[in-house]
Every structure is written in C-alpha cells, then in structure tokens.
**Q** 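The structure is given below, and queries will be raised subsequently.
A, B, ... follow the sequence lines: proteins, then strands. Residue 1 opens every chain. None of the values given here were measured: they were computed from a predicted structure.
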Number of protein chains: 2
Amino acid sequence: MNGLGPYIRQQREQLRQHDNGYSLRQVAERVGIQPTYLSKIEREELPPPSEDTLKRLAQELKLDPDVLLAMAGKVSSDLRAIICQRPQLFSQLLRQLKDTPDHAVLRIVREVSDGDW
Amino acid sequence: MNGLGPYIRQQREQLRQHDNGYSLRQVAERVGIQPTYLSKIEREELPPPSEDTLKRLAQELKLDPDVLLAMAGKVSSDLRAIICQRPQLFSQLLRQLKDTPDHAVLRIVREVSDGDW
DNA sequence: TAAAGCGTGTACTATATACTACACACTATG
DNA sequence: CATAGTGTGTAGTATATAGTACACGCTTTA
C-alpha cells in the first residue's frame, strides 16, 4: 500500500524499460503538464492533480483511471452523475455492499449484464 | 425539477407552517452559517455550500442528506470512501446499473440485506 | 567536450471554494 | 410607536485547488 505518487512512478519506470519515451519530461509533455509538476506528484510533494489530469495520466501510463482517481480519494465525474441521478437508491446500495465480498458483488454484476431485467 | 435552493426554501417554509422556529435567520443560526448566506443559497445567488454544511442543513430541515448533496452535484464522503476502497468493482457495478430500473436495483438491495452471501 | 536530456528545488500565481460582515428596508409584536 | 425580527444587497476575505516558470546540477549522447 504505497501512495499514488510512487505507484505512478513505478508504472512509468516499468514502461520505460521497454520504451524510452517514458521519461518524466516526455510523459509530462504528452499529458500536458510541466515536468516539475509531475515530479512533485510522483514524490507526493504536492497533492494529487485534478480529475482531468489524472485521467490523461492514466491513459498515458496504461493504468485504470478509476483506480488512479481512487488513490487520490476522488470519484470519476460520470460515476458521480450516476449516483446523483438516483441518490437514495445508489447510496443505499453502496452502503449495503460496503462489506460484501468481491465475489458476491461480481455475481450481481454478472447477473445484471446477463440482462434478464 | 427546480434547483437545490428553491427545494430548501420550500421545505423550510413547509416546516415553518407548523413551527415558527424555521425563519431563515433561526435555521441559519442552528446550522452555523450567516443568514445572508442561507438566503443566497436558497435563491441560488451563490453556489451550493460545502458537504458539511449541506448535511447540517439536511438534518435541520429533515431532508435526506444524500438527496441534498446530489442536488448540489456532490457525493457524500462516506460513499466516496466505499468506492475508493474497491474502485474497479464499484465503478463497474455503477456503470452497469446506470440504466437499470429502480425496482431491479432494489431487488438487489433486498437480496443482499437478506444476507445469504 | 559541447549539447541535449534528465529529474528536482525554489518561488510564484490564477481561480475556485466557502464563506463572513455590515447595512438596509420592510413587517409584526408588545 | 418603538423595537425585535425578517429577508436581502453589497462588499470583502480566507483557504484550498491546481497548477506554472526558471534555474540548477547531473548524465548521456554525438
């Protein structure tokens, strides 16, 4: 359980082993931020960036945006929108599922996608 | 579908019909904000207040905090925490359930609470 | 050995968020 | 008819958020 910063750095260095285009500077440029900023993010000298920046970073580094956002304590705006449309329903559901084991939740997911609803 | 502000005002005036302690000033005081601020919130002259303030307001006005937060486009911090602990799982679930009708989601809720998991 | 590229330290900055403080006019109450 | 209470207009503020800009020393490359 290390933080968002180290997680990003590790992944970047991972990718770098197979492709030299993953220097801090180059990634920063593709993501559209200053290299110094990415440096600080990776070393957690500054708090996590915005949702948008995190998403671009996730895409660039081939990471799951939802995971990256979660490590920053954030929830993607599209999920927020889903909840906000039926707040009582989904609030109840989530609190209900808080301590439900993964496999049981996944069973629900599969049942729903098998779509006899 | 009127906004958060009018919704709050309406509820406050509703409560006021049976209890004079629901003037804008008195509610504001109990909630811990300035009356001018509450006034602006109700008339949507200012953007919605913080999560904490909305929750205290909900309690004071006997409204569902999740609903109030939702109308402000926010999601309660405890729900965020639940999602952030298993982001992939719950992101998938929520996107899956986005267009699932209420009754079907409620069926899940009941199945889970009947707890044979 | 010069130039390009690397990561980082320091110092700012712009915008959004979340309010407060004071003054005013109107209404109801004692 | 004074005074207590009501809602609101105007102006300002503190803090958080989300970054930028420049300079530096080190390393690799040509």
**Q** Membership question, hydrophobic clusters at under 4.5 Å side-chain separation (ILVMFWY): are A:Met71 and A:Val75 in the same one?
**A**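 Per the 4.5 Å side-chain linkage, A:Val75 and A:Met71 are not co-clustered.
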
**Q** Can you get from A:Leu93 to B:Val67 by hopping between Ile, Leu, Val, Met, Phe, Trp and Tyr side chains that sit under 4.5 Å apart?
**A**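 Each belongs to a different hydrophobic cluster.
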
**Q** Identify the two heavy atoms, one from A:Arg12 and one from A:Leu24, that lie closest to each other, and give their separation to 0.1 Å.
**A**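 What the structure gives for the nearest pair is NH1-N, 3.1 Å.
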
**Q** Is there side-chain contact between B:Tyr22 and B:Gln14, with heavy atoms separated by less than 4.5 Å?
**A**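 No, every pair of side-chain atoms sits at 4.5 Å or beyond.
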
**Q** Check every nucleotide of DNA chain C for an atom under 4.0 Å from a heavy-atom of chain A, then give the first and the last such nucleotide from 5' to 3'.
**A**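 Listing 5' to 3', DNA chain C meets chain A from C:dC6 to C:dT10.
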
**Q** Mind running a 4.0 Å heavy-atom check of residues 40-52 of chain A against DNA chain D and sending the residues that fall below it, in number order?
**A**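 A:Leu46, A:Pro49, A:Ser50 - these, ordered by number, are the residues of the stretch whose heavy atoms sit under 4.0 Å from the strand.
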
**Q** Check whether more than 12 heavy atoms from other residues, nucleotides or ligands sit under 6.0 Å from atom CG of B:Asn20, and answer yes or no.
**A**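 Result for CG/B:Asn20: open.
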
**Q** In Å and rounded to the nearest 0.5 Å, what is the CD to NZ distance from B:Gln59 to B:Lys62?
**A**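 Those atoms lie 10.5 Å apart.
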
**Q** Using whole Å, report how far CG of A:Leu54 lies from P of D:dT17.
**A**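 My rounded result for the distance is 14 Å.
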
**Q** For the pair A:Arg95 and B:Asp66, find out whether any cationic side-chain nitrogen is under 4.0 Å from an anionic carboxylate oxygen.
**A**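 Yes, this pair counts.
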
**Q** Going by side-chain contact (heavy atoms from CB on, under 4.5 Å), B:Leu57 matches just one of B:Leu4, B:Leu38, B:Leu63. Which one?
**A**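 Going through the options one by one, the only one that passes is B:Leu38.
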
**Q** For the pair made of OH in A:Tyr37 and C1' in D:dA18, what is the distance, rounded to whole Å?
**A**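 My rounded result for the distance is 5 Å.
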
**Q** Around atom NZ of A:Lys98, are there more than 12 heavy atoms of other residues, nucleotides or ligands at under 6.0 Å?
**A**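 Open: at most 12 neighbouring heavy atoms sit under 6.0 Å from NZ of A:Lys98.
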
**Q** Does B:Glu51 come within less than 4.0 Å of B:Arg80, counting only side-chain N to carboxylate O?
**A**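 Between B:Arg80 and B:Glu51 there is a salt bridge, with a charged N closer than 4.0 Å to a carboxylate O.
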
**Q** Indicate whether OP1 or OP2 belonging to D:dG19 is found under 4.0 Å from a side-chain N or O atom of A:Thr53.
**A**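 Affirmative; the distance criterion is met.
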
**Q** Using atom CG of B:Leu38 as one end and atom P of D:dT6 as the other, report the distance to the nearest whole Å.
**A**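 My rounded result for the distance is 12 Å.
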
**Q** Mind running a 4.0 Å heavy-atom check of residues 7-32 of chain B against DNA chain D and sending the residues that fall below it, in number order?
**A**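 Result for residues 7-32 of chain B: B:Arg9, B:Arg12, B:Arg16, B:Ser23, B:Leu24, B:Arg25, B:Gln26, sorted by number.
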
